[in-house]
*Asks:* 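Sending over a structure as structure tokens; questions will come in a sec.
Along the sequence shown, residues are numbered consecutively beginning with 1.
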Amino acid sequence: MNRVTAILGTKYPIIQGAMQYVANGKLAAAVSETGGLGVVAAGGISSEQLITEINIVRKLTQKQFAVNLNLQYKNVPELVKTVIEQGIKIITTGAGTPKYYMDDLKKAGIKVIPVVPNLKIAQKMEKLGVDAVIAEGMEAGAHIGQNSSLVLWPQIVQNLSIPVIAAGGIATRAGVKAAFDLGCEGVQSGTVFSVCSESPVSDQWREAIY
């Protein structure tokens, strides 16, 4: 156990990336059931659809899972309310700052883990009171910055006191080892999970990745 598994309540410090329209309840449940943290992506869906996906996860596993909030959508306030009402204990965030929702999320006992593209934003998130950050390099499928992973990860690790989770181009055991060697305490991967049988992608996508 390390600080990330303590926060996540998982066996492994591994988070499944929040791939929009791919990270559904079935995929999240499969990842959580095998010891990682499955994530349901709420971007682009309604509160009703999010509840449906949450219920799918809960039918398939009793283990911990998370919801990702893509903060650029207009219905985020509704989704935040849904997350709280549904008793979700962990959220990841992207495409904006969670500061407008932190008070409500923290009162509900929810762990908040934002994706960050650079040190400046990472430091802002630490001051905001988040529980950890996901440092995502430009190699990520949904890249958000201009810093490469191997440059970004140690820079953030060396300047934050909260746990840093690495993301961006991690698809192999060697990639995971590199992240930990650079001081990160967990990893987030997306594309590698998209080829799982529980993922809703096409067979053509799986063939292209393999």
Side-chain angles (χ1 to χ4, degrees), residues 1-8 10-20 22-23 27-28 31 34-39 41 43 66 68-72 90-98 111-196 199 201 205-206 208-210:
M1 177 180 289
N2 66 9
R3 290 195 296 172
V4 169
T5 54
I7 290 169
L8 304 182
T10 58
K11 182 177 181 181
Y12 305 113
I14 297 174
I15 299 175
Q16 164 238 312
M19 300 163 283
Q20 193 162 313
V22 174
L27 178 59
V31 174
T34 51
L37 183 75
V39 178
N68 172 267
L69 297 176
N70 186 321
L71 299 171
Q72 67 180 329
I90 303 171
I91 66 162
T92 62
T93 69
T97 175
K111 304 292 186 183
V112 180
I113 307 175
V115 174
V116 298
N118 57 50
L119 176 59
K120 183 177 180 180
I121 293 177
Q123 290 173 321
K124 285 184 177 180
M125 292 299 100
E126 182 173 39
K127 289 180 181 178
L128 190 61
V130 303
D131 297 276
V133 296
I134 299 169
E136 185 175 84
M138 63 185 294
E139 296 90 340
H143 59 84
I144 57 174
Q146 299 179 341
N147 297 303
S148 66
S149 293
L150 294 181
V151 172
L152 180 66
W153 299 340
Q155 185 181 51
I156 293 181
V157 166
Q158 292 163 15
N159 289 281
L160 265 64
S161 60
I162 58 176
V164 177
I165 298 158
I170 302 172
T172 65
R173 180 176 181 178
V176 173
K177 185 176 185 300
F180 277 85
D181 285 346
L182 290 172
C184 298
E185 297 179 59
V187 297
Q188 174 177 280
S189 292
T191 304
V192 70
F193 284 115
S194 75
V195 298
C196 295
S199 170
V201 302
W205 172 260
R206 292 187 175 88
I209 297 301
Y210 284 131

*Asks:* Excluding sequence neighbours, so at least two apart, what forms side-chain hydrogen bond (donor to acceptor under 3.5 Å, both in side chains) with Asn118?
*Replies:*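 For Asn118, no residue satisfies side-chain hydrogen bond (donor to acceptor under 3.5 Å, both in side chains) once neighbours in sequence are set aside.
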*Asks:* Name the residue from Lys120, Glu126, Lys127 that meets the side chain to side chain contact (heavy atoms under 4.5 Å, CB included) definition with Lys124.
*Replies:*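 Single pass found, and it is Lys120.
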*Asks:* For Ile7 and Pro163, which heavy atoms make the closest approach, and how far apart are they?
*Replies:*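 Looks like CD1-CG, 3.9 Å.
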*Asks:* Could you pull out the closest heavy-atom pair between Gly137 and Leu152, with the gap in Å?
*Replies:* N-CD2, 3.8 Å
*Asks:* Do you know which two heavy atoms are closest between Leu37 and Ala66, and how far apart they sit?
*Replies:*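 Leu37 and Ala66 have their closest heavy atoms at CD2-CB, 3.8 Å.
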*Asks:* Among pairs that include at least one residue of residues 159-169, which meet salt bridge (Lys or Arg N to Asp or Glu O under 4.0 Å), considering only residues two or more places apart or in two chains?
*Replies:*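 Qualifying pairs: none.
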*Asks:* In chain order, what residues pass the side-chain hydrogen bond (donor to acceptor under 3.5 Å, both in side chains) check against Asp131, with sequence neighbours excluded?
*Replies:*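 Here the qualifying residues are Lys106.
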*Asks:* From Leu119 CG over to Gln155 CD, what is the distance, rounded to the nearest 0.5 angstrom?
*Replies:* 5.0 Å
*Asks:* State which residues pass salt bridge (charged side-chain N to carboxylate O under 4.0 Å, His left out) with Glu185; sequence neighbours excluded, sorted by chain then number.
*Replies:*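 By the salt bridge (charged side-chain N to carboxylate O under 4.0 Å, His left out) rule, Glu185 matches Arg3.
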*Asks:* Can you see which heavy atom on Thr10 is nearest to which on Gly35, and at what distance?
*Replies:*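 Heavy-atom minimum between the residues: CB-O, 3.5 Å.
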*Asks:* I'd like to know whether Thr97 forms a side-chain contact (heavy atoms from CB on, under 4.5 Å) with Leu71, so could you lay out the CA-CA distance, the side-chain angles of the two residues, the decisive distance to 0.1 Å, and finally the verdict.
*Replies:* CA-CA 7 Å; Thr97 175; Leu71 299 171; 5.5 Å; no
*Asks:* Specify the closest pair of heavy atoms between Leu128 and Pro98, including all atoms of both residues, with the distance to one decimal.
*Replies:*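 Closest approach of Leu128 to Pro98: CD2-CG, 4.0 Å.
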*Asks:* Name the residue from Val187, Thr5, Leu8 that meets the side chain to side chain contact (heavy atoms under 4.5 Å, CB included) definition with Pro13.
*Replies:* Thr5
*Asks:* How long is the gap from OG1 on Thr92 to CG on Asn68, to the nearest 0.5 Å?
*Replies:*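 Atom-to-atom, Thr92:OG1 and Asn68:CG are 3.5 Å apart.
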*Asks:* Just jot down the side-chain hydrogen bond (donor to acceptor under 3.5 Å, both in side chains) partners of Ser189, sequence neighbours excluded, or say none.
*Replies:* none
*Asks:* Please confirm whether the backbone N or O of Ala167 pairs with a side-chain atom of Trp153, one donor and one acceptor, at under 3.5 Å?
*Replies:* yes
*Asks:* When rounded to the nearest 0.5 angstrom, what is the spacing between CD1 in Ile162 and CD1 in Ile156?
*Replies:* 9.5 Å
*Asks:* Please answer whether the main-chain N or O of Val39 pairs with a side-chain N or O of Gln16 as donor and acceptor at a distance below 3.5 Å.
*Replies:* yes
*Asks:* Taking all non-hydrogen atoms of both residues into account, name the closest pair between Ser149 and Pro154 and its distance.
*Replies:* O-CD, 4.2 Å
*Asks:* Output a table of donor-acceptor pairs, distance under 3.5 Å, between side-chain atoms of residues 170-184 and any protein atom two or more places apart or on a different chain; print 'none' if there are none.
*Replies:*
residue	atom	partner	partner atom	Å
Thr172	OG1	Ala174	N	3.4
Thr172	OG1	Gly175	N	3.2
Lys177	NZ	Asp181	OD2	2.9

